[in-house]
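A short worksheet on the structure shown next.
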Amino acid sequence: MSALPTKLETLAIHGGTPVREKLLPYGRQSIDDADIEAVVEVLKSDWLTTGPKIAEFEEQFAARVGARHAVSFSSGTAALHGAAFAAGLGPGDEAITTPMTFCATANCILYQGATPVFADVSPDTLNLDPGEVSRKISARTRAIIAVDYAGHPAALDELGQLAKAHVQRALLIEDACHALGAEYRGKPVGSIAHMTVFSFHPVKHLTTGEGGMVATNDARLAETLRRFRNHGISSEARQRQESGQWFYEMVLLGFNYRLTDIACALGISQLGKLSANLARRREIAAHYTAAFRDLPAIVVPAVREDVNPAWHLYPVRLKLEMLAVGRREIFRALRAENIGVNVHYVPVHQHPYYRERFKSKEGYPVAEDAYERLISLPMFHAMTAQDVEDVIHAVGKVVNCFDRKYDRKNERREGLDFLETRQSR
């Protein structure tokens with residue numbers, strides 16, 4: 001098991017030697033020769049887009065997540081927009097979602113002219129709190145959009161029951177852009193909600209460059225999604241060519257949100273590696289959790305008994321009351337050690353656009369408190385054992401330096417002395 005440093009070390013930010021020579025990013029893609037060959041094969045074919053690789057990727061993906069249908073999109077954001085459209089969101093409607101997410105989750109509601117209504121999150125998982133959601137449901141609620149934060153599935157059964165019990169039977173949309181391969185109460189994520197949205201950005205579990213998917217068991221929703229991503233046209237170019245027809249009809253107002261055959265070829269190749277990628281991420285998470293339990297100032301991510309997370313992120317929370325500095329200083333110190341930490345997320349309602357547009361004074365204390373403490377550590381399946389050791393070393397080095405209760409007897413005090421000198425100026 002990885003060991004934390006037992007002695008104080010001079011931080012890189014104070015002139016010491018960084019743990020790593022080069023920056024370790026918080027996430028990155030992993031592409032091998034088989035992926036490259038799959039893409040080259042398509043580049044040499046007759047179809048670069050709207051071709052046979054689309055259906056092939058969608059069918060394999062649907063089987064992997066246990067859904068009857070999967071509809072590909074040009075990005076996770078486009079997939080969210082498609083789900084919001086298929087759910088029937090429009091002016092006068094509301095959709096309840098979490099503030100602890102990337103802005104695209106809430107933006108897709110605005111794209112449809114509807115209003116996002118935020119509900120606070122559970123203190124353990126930082127996923128939507130069903131109790132808070134129940135307080136926000138109104139006659140205008142048409143959808144609940146839950147996020148599987150960091151790859152830990154949301155409370156899907158409870159949220160699904162709230163949606164079903166609503167007088168207008170709201171739809172449950174699961175933003176699983178973090179959670180490909182996760183399991184909830186023995187079921188794969190993608191087989192549970194009315195629509196489940198995935199992302200294939202390079203930092204995700206598999207990548208198509210940019211790309212997304214909506215999984216659903218509802219044939220009508222799937223057909224609406226297919227039309228929406230193709231300008232609202234009722235047929236696709238390959239279908240018309242194969243049938244020798246030219247005529248087509250636009251039946252709804254859609255967008256060009258199609259994923260290319262080039263991207264789908266990459267996705268098919270990457271899908272074959274998903275199980276191994278998930279296993280490696282879970283292994284890294286287990287190493288982190290075991291090591292950081294010895295750091296009182298660190299709160300490791302919670303995992304509920306009925307789920308198997310996918311670990312897109314490994315977000316720790318700082319017990320700031322135990323530290324001599326705030327999150328900003330810890331972040332900067334870790335970056336100076338060449339550990340590419342990040343923060344997920346600035347709560348959506350705190351972004352200037354949302355503040356200025358809605359002018360809401362309502363707070364979400366759990367999400368807001370978590371934001372002040374969160375730091376995402378590097379987490380991607382191509383990380384080596386040494387990469388993991390470096391992260392653990394750097395976190396222990398930085399946190400121990402700024403821990404108010406660290407036993408400094410017979411230890412050097414460069415870090416604390418530097419801090420005290422700076423604060424006295």
All heavy atoms of Ala302 vs all of His152, minimum pair found to be O-CD2, 3.5 Å
If only side-chain N and O atoms count, and only distance matters, is there a donor-acceptor pair under 3.5 Å linking Thr105 with Asp175? yes
State, with a plain yes or no, whether a side-chain heavy atom of Ile330 is found less than 4.5 Å away from one of Val398. yes
Pair Glu56-Lys53, salt bridge (charged side-chain N to carboxylate O under 4.0 Å, His left out): steps then yes or no: CA-CA 5 Å; Glu56 185 179 347; Lys53 289 296 179 182; 3.3 Å; yes
Start with the C-alpha gap between Gln386 and Asp390, add the side-chain angles, then the distance that decides, and say whether side-chain hydrogen bond (donor to acceptor under 3.5 Å, both in side chains) holds. CA-CA 6 Å; Gln386 188 59 56; Asp390 289 345; 2.8 Å; yes
Can you find a heavy atom in the side chain of Cys108 that is under 4.5 Å from one in the side chain of Thr77? no
Would you compute the distance between atom CD1 of Ile192 and atom CD of Glu183 and round it to the nearest 0.5 angstrom? 9.5 Å
Ion pair Glu59/Arg64, N-O distance below 4.0 Å: no
Are Tyr288 and Leu377 packed together at the side-chain level, in the sense that at least one heavy-atom pair is separated by less than 4.5 angstrom? yes
Just so I know, are the side chains of Phe402 and Leu318 near enough to count as touching, which here means a heavy-atom distance under 4.5 Å? no
In this structure, SG of Cys401 is separated from CD of Glu329 (nearest 0.5 Å) by 12.0 Å
Check: Phe118 and Thr101 side chains under 4.5 Å, non-hydrogen atoms: no
Just checking, is any N or O donor in the side chain of His349 or Glu368 under 3.5 Å from an acceptor N or O on the other one? yes
Can any side-chain N or O of Arg355 pair as donor or acceptor with the backbone N or O of Gln350 at less than 3.5 Å? yes
Check whether any side-chain N or O of Asp148 sits under 3.5 Å from a backbone N or O of His178 as a donor-acceptor pair, and report yes or no. no
Please round to the nearest 0.5 Å and tell me the distance separating atom OG1 of Thr125 and atom OH of Tyr149. 10.0 Å
Looking just at side-chain N and O atoms, do Glu94 and Ser138 make a donor-acceptor pair shorter than 3.5 Å? yes
Look only at the side chain of Asn342 and the backbone of Ser376, and say whether a donor-acceptor pair between them is shorter than 3.5 Å. no
Option among Lys397, Arg335, Glu337 that satisfies the side chain to side chain contact (heavy atoms under 4.5 Å, CB included) test with Pro18: Glu337
Which atom of Leu11 lies closest to which atom of Ala333, heavy atoms considered: CD1-CB, 4.3 Å
Do Leu295 and Val395 touch side chain to side chain, with heavy atoms closer than 4.5 Å? yes
Does either side chain, that of Asp35 or that of Ser269, offer a donor lying less than 3.5 Å from an acceptor on the other one? yes
Rounded to the nearest 0.5 Å, the CZ atom of Arg404 sits from the CD atom of Glu321 at a distance of 9.5 Å
Can a side-chain donor-acceptor contact be found between Glu9 and His393 if the only test is distance below 3.5 angstrom? yes
For His81 and Gln112, does a side-chain donor sit closer than 3.5 Å to a side-chain acceptor? yes
For Trp311, does its backbone N or O pair with a side-chain atom of Arg281 as donor and acceptor, under 3.5 Å? yes
Residues Ala297 and Val399: closest non-hydrogen pair is CB-CG1, 3.8 Å
Closest heavy-atom contact between Ile339 and Ala394? CG1-CB, 3.4 Å
If only atom types and distance count, is the side chain of Asp93 paired as donor or acceptor with the main-chain N or O of Gly90 below 3.5 Å? yes
Checking Tyr353 against Leu110 for the side chain to side chain contact (heavy atoms under 4.5 Å, CB included) test, could you report, in this order, the C-alpha distance in whole Å, the side-chain angles of both residues, the deciding distance, and whether it holds? CA-CA 12 Å; Tyr353 178 87; Leu110 296 179; 3.8 Å; yes
Residue among Val346, Leu374, Asn127 satisfying side chain to side chain contact (heavy atoms under 4.5 Å, CB included) with Met100: Leu374
Shortest non-hydrogen contact between Pro153 and Val307, atoms and distance: CD-CB, 4.0 Å
Under 3.5 Å, is there a donor-acceptor pair between the side chain of Ser360 and the main chain of Glu362? yes
Between Tyr371 and Arg327, is there a cation-pi geometry (under 6.0 Å to ring centre, at most 45° from the normal)? yes
Could you give me the CA-CA distance, side-chain angles and deciding distance for Leu162 and His166, then say whether side chain to side chain contact (heavy atoms under 4.5 Å, CB included) is met? CA-CA 6 Å; Leu162 287 171; His166 187 257; over 6 Å; no
Taking atom CG of Leu159 and atom CG of Asp129, what is their separation to the nearest 0.5 Å? 9.0 Å
Derivation and outcome, salt bridge (charged side-chain N to carboxylate O under 4.0 Å, His left out), residues Glu132 and Lys136: CA-CA 7 Å; Glu132 292 297 309; Lys136 297 298 182 77; 5.6 Å; no
Can the ring centroids of Phe198 and Phe61 be said to lie less than 6.0 angstrom from one another? yes
Side-chain contact test, heavy atoms from C-beta onward, threshold under 4.5 Å: evaluate it for Pro378 versus Pro25 and give yes or no. no
Let me see the working for Glu58 and Arg258 under salt bridge (charged side-chain N to carboxylate O under 4.0 Å, His left out), right down to the final yes or no. CA-CA 12 Å; Glu58 291 173 341; Arg258 299 184 301 253; over 6 Å; no
Asp218 side-chain N/O to His194 backbone N/O, donor-acceptor pair under 3.5 Å: no
Looking only at heavy atoms, what is the nearest atom pair of Leu221 and Met195, with distance? CD1-CG, 4.0 Å
Spacing of SG belonging to Cys264 relative to CG belonging to Leu271, to within rounding of 0.5 Å: 11.0 Å
Taking the side chain as every heavy atom from C-beta outward, state whether Asp387 and Arg20 have any atom pair closer than 4.5 Å. yes
Compute the ring centroids of Phe57 and Phe200, then answer whether they are less than 6.0 Å apart. yes
Hey, is the main chain of Ala139 close enough, under 3.5 Å, to the side chain of Gln168 for a donor-acceptor pair? yes
With no hydrogens and no angle check, is any side-chain donor or acceptor of His231 less than 3.5 Å from a backbone partner on Ile233? no
Decide side-chain hydrogen bond (donor to acceptor under 3.5 Å, both in side chains) for Thr289 and Tyr314; before the verdict, give the C-alpha distance in whole Å, the side-chain angles of both, and the deciding distance to 0.1 Å. CA-CA 9 Å; Thr289 299; Tyr314 192 92; 2.7 Å; yes
Looking only at atom types and distance, does a side-chain atom of Arg226 sit under 3.5 Å from a main-chain N or O of Ser234, one as donor and one as acceptor? no
Is there a donor-acceptor contact under 3.5 Å linking the side chains of Gln29 and Thr207? no
Are there more than 12 heavy atoms of other residues, nucleotides or ligands under 6.0 Å from atom CZ of Arg68? no
Measuring centre to centre across the rings, with the benzene-like ring taken for any Trp, is His344 within less than 6.0 Å of Phe102? no
Answer yes or no: are there more than 12 heavy-atom neighbours, outside Lys187 itself, under 6.0 Å from its atom NZ? no
Check whether the side chains of Ser72 and Arg229 place a donor and an acceptor atom closer than 3.5 Å, and report yes or no. yes
